[in-house]
Amino acid sequence: MTGEQSLVEKPNYKPIYFFLNRHKLLFLGILLVTLLSSILESFSAAAFFPLFTAALGDSSQETGGILGFFNTLVGIVPFAHPIAAASALLVVVFLMKTVVNFALDLLMGYTGGTVLYNTKKDMMDRYSAAHYQYFLDNQQGDLIYNVLSTPTAAYGVLLSGVQALSALFRGSAIVAILISISAIGFVAVVIVSAVYYGFMHYVSNKVSYSLGQKNTYASAEQTSIVNDFFSGFRQIISLNGAKSWTQRFDRSSRISRNVHVQIAAWNAFPRPLTQLCALGLMLGIILTIALTGSGNLTEELPKLGVFAVALYQLLPALSGIGVARMSFMSSLPDMTRAYQTIAGPVPLRQHGSTVLESFDKEIAFENVTFAYKDREPVLKNLNLTFKKGQVTAIVGISGAGKTTITNLILGLIQPIEGRITVDGISLDEITAESWLGKIGSVSQDTFIYHSSITDNILLGRNGHSESDIIAATTLAHAHGYISEHPEGYDAIVGDRGMRLSGGQQQRLSIARAVLDNPEILIFDEATSSLDTISEDQVQEAIGSVSRNRTAILIAHRLSTVEHADKIIVLDDGRVIEQGNHQELLDQNGQYSRLAASRQ
């Protein structure tokens with residue numbers, strides 16, 4: 001989703017029903033406890049009436065409804081003094097309300113944690129199964145923002161809805177108290193509440209949702225800028241480009257700051273508005289009681305006191321509805337992003353159902369054509385084979401389609417025409433787990449993360465002993481430099497392997513690739529970015545691990561492939577030559593010219 005698109009979309013309420021349905025039992029529990037809390041909230045206001053009556057020495061006053069009910073309850077309390085009995089009843093009601101509210105807070109906290117956990121887990125599961133093209137089409141910073149930030153907004157929308165509903169329940173229960181005190185006061189409260197809600201509904205739809213969209217776009221942009229800056233830190237600093245990046249981040253941060261201030265201002269608006277409404281209602285009810293009562297305002301003070309307490313409790317409810325509504329709408333854009341990731345059209349990798357027990361013969365490309373999205377075909381009607389036990393090399397100029405072939409073998413992408421077979425079985429019919437379990441791959445761009453050498457070799461895989469790891473590093477010619485380190489295999493390699501040389505990183509990647517003893521090894525430009533000495537070391541490692549295995553080498557440097565059993569020369573997505581090193585030199589074709597140009 002682009003920023004421009006997100007700023008013209010209308011509110012989408014489908015995500016709300018989606019997330020509610022996924023956690024319906026929890027929210028049903030919240031609804032029931034909220035209802036109980038609202039009833040106790042109204043009781044806590046009505047429970048003041050016996051105390052006010054007793055304090056004014058007018059315990060004989062008869063009143064019907066819920067106020068009369070609490071007057072009756074005081075008579076059951078085992079205290080002789082009316083004030084003591086009324087106070088005890090009030091304390092009991094408040095204790096019950098406190099316990100229920102505490103239980104409600106715990107339930108909401110648990111529900112929030114559950115929503116966050118499930119949403120983040122589902123998003124990561126979705127991304128882990130996504131098609132390779134999906135990551136090519138989307139900015140990495142946006143995807144990071146989706147996983148780390150939007151789940152919080154998803155729960156925030158649901159929480160705002162619960163808070164608004166809770167406030168509505170409390171307000172309704174308190175309004176029931178107001179009915180028993182003054183019909184005119186009740187009508188006034190209803191009218192004011194309706195006008196207030198209508199106003200807040202309009203503001204939240206027109207203002208809060210728009211601000212929420214702007215905040216989502218600015219926050220996602222900031223995440224992308226920071227992610228790109230850290231990823232390219234060395235190049236950005238060395239090219240004196242840091243100022244440009246900080247200026248970009250500053251512009252985005254200013255937008256975010258301004259939006260944040262506006263959201264805070266609008267969210268603060270309901271409280272003073274409800275306070276003014278409450279003041280007008282209180283003054284109006286006093287005048288009403290004075291004008292319509294018996295002429296003695298003192299006799300109406302108990303009711304007036306209960307009305308004041310009820311109005312005091314109604315204020316947070318009315319304000320809460322407004323704040324929750326605005327928070328609800330401002331968080332909805334982020335919730336929509338979370339929904340689109342989990343339930344939207346994220347393209348998933350194809351998975352077959354046939355378990356490949358062993359690799360026995362060959363990998364074959366049969367009339368394979370492939371094109372990346374909105375681009376011309378990279379491979380055109382390609383036919384080639386990779387025999388078991390052979391080292392097959394693919395060479396060619398940049399853009400010839402060499403890496404695309406390895407991506408197709410790994411199942412990251414699928415042909416648009418033709419098919420790839422393994423021992424005669426179509427690759428798209430084979431389970432990804434059984435196929436990838438037979439492959440170890442090493443690319444030009446090594447993935448090394450900030451952890452120990454052992455963790456970087458294991459890469460999350462279980463079931464390997466220390467001797468397995470040492471065997472893999474020995475085969476990859478990496479055990480020597482690891483053993484020389486004071487911390488050995490526990491040494492921290494730094495972010496992106498910054499504490500290791502390029503050759504050490506590649507040999508670590510080779511050890512990682514052979515740890516599971518795969519039948520097939522793929523080396524995609526594994527030496528292209530190394531110096532001569534490092535290249536020689538890595539080539540020795542490649543030669544060592546490739547013995548008695550099926551190996552596929554992708555290379556620019558012909559020194560890497562000259563000992564291969566078969567060399568395939570690729571140009572413009574087609575095979576133009578193939579044979580061993582000497583055979584291709586004797587043909588005096590493109591391979592021979594490539595060899596001559598590199599001497």
At their closest point, which heavy atom of [X] faces which heavy atom of [Y], and how far apart are they?
X: D490; Y: S452; result: O-CB, 3.8 Å
X: I448; Y: S509; result: CD1-OG, 4.3 Å
X: F370; Y: P415; result: CD1-CA, 4.2 Å
X: H464; Y: L458; result: CB-CD2, 3.8 Å
X: Q414; Y: L408; result: C-CD2, 3.8 Å
X: M123; Y: T150; result: CE-OG1, 3.6 Å

Heavy-atom neighbours of [X] [atom1] exceed 12 at 6.0 Å:
X: E466; atom1: CD; value: no
X: F135; atom1: CZ; value: yes
X: Y372; atom1: OH; value: yes

From the list L106, L104, V100, V99, side-chain contact (heavy atoms from CB on, under 4.5 Å) with F102 holds only for L106

The side-chain contact (heavy atoms from CB on, under 4.5 Å) partner of V422 among T354, I409, L356 is L356

So do the side chains of [X] and [Y] get within less than 4.5 Å of each other, counting heavy atoms only?
X: K373; Y: L136; value: no
X: L410; Y: Y132; value: no
X: E487; Y: I453; value: no
X: Y134; Y: L143; value: yes
X: Y449; Y: L459; value: yes
X: K438; Y: I430; value: no
X: T114; Y: T111; value: no

Interatomic spacing from [atom1] in [X] to [atom2] in [Y] - rounded to 0.5 Å:
X: Q505; Y: R499; atom1: CD; atom2: CZ; result: 12.5 Å
X: S149; Y: D334; atom1: OG; atom2: CG; result: 7.0 Å
X: I469; Y: T454; atom1: CD1; atom2: OG1; result: 5.0 Å
X: T341; Y: M124; atom1: OG1; atom2: CE; result: 11.5 Å
X: I482; Y: L508; atom1: CD1; atom2: CG; result: 5.5 Å
X: N146; Y: L148; atom1: CG; atom2: CG; result: 9.5 Å

Original post:
Going through the checks in order, is the side chain to side chain contact (heavy atoms under 4.5 Å, CB included) test met by I413 and H131?
Top reply: CA-CA 7 Å; I413 52 181; H131 196 282; 4.1 Å; yes

Between [Y] and [X], do the side chains contain a donor N or O and an acceptor N or O under 3.5 Å apart?
X: T119; Y: Y155; answer: no
X: N101; Y: S37; answer: yes
X: D468; Y: S465; answer: yes

Show your reasoning for whether side chain to side chain contact (heavy atoms under 4.5 Å, CB included) applies to V157 and Y13. CA-CA 11 Å; V157 171; Y13 297 104; over 6 Å; no

Can you tell whether the side chains of D122 and R126 come within less than 4.0 Å, N to carboxylate O?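 No salt bridge links D122 with R126.
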
query: Which is it for L332 and I16 under the side chain to side chain contact (heavy atoms under 4.5 Å, CB included) test, yes or no, and what are the steps along the way?
result: CA-CA 9 Å; L332 189 55; I16 302 170; 4.1 Å; yes

Worked verdict on L95 versus V91 for side chain to side chain contact (heavy atoms under 4.5 Å, CB included)
CA-CA 6 Å; L95 283 175; V91 169; 3.9 Å; yes

**Request:** For residues Y17 and F19, establish whether the separation of their ring centroids is below 6.0 Å.
**Result:**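 That pair fails the under 6.0 Å test.
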
Looking at residues at least two apart in the chain, or sitting in another chain, which of them share a ring pair (Phe, Tyr, Trp, His ring centres under 6.0 Å) with Y489?
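With sequence neighbours excluded, Y489 shows a ring pair (Phe, Tyr, Trp, His ring centres under 6.0 Å) to H479, given in chain and number order.
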
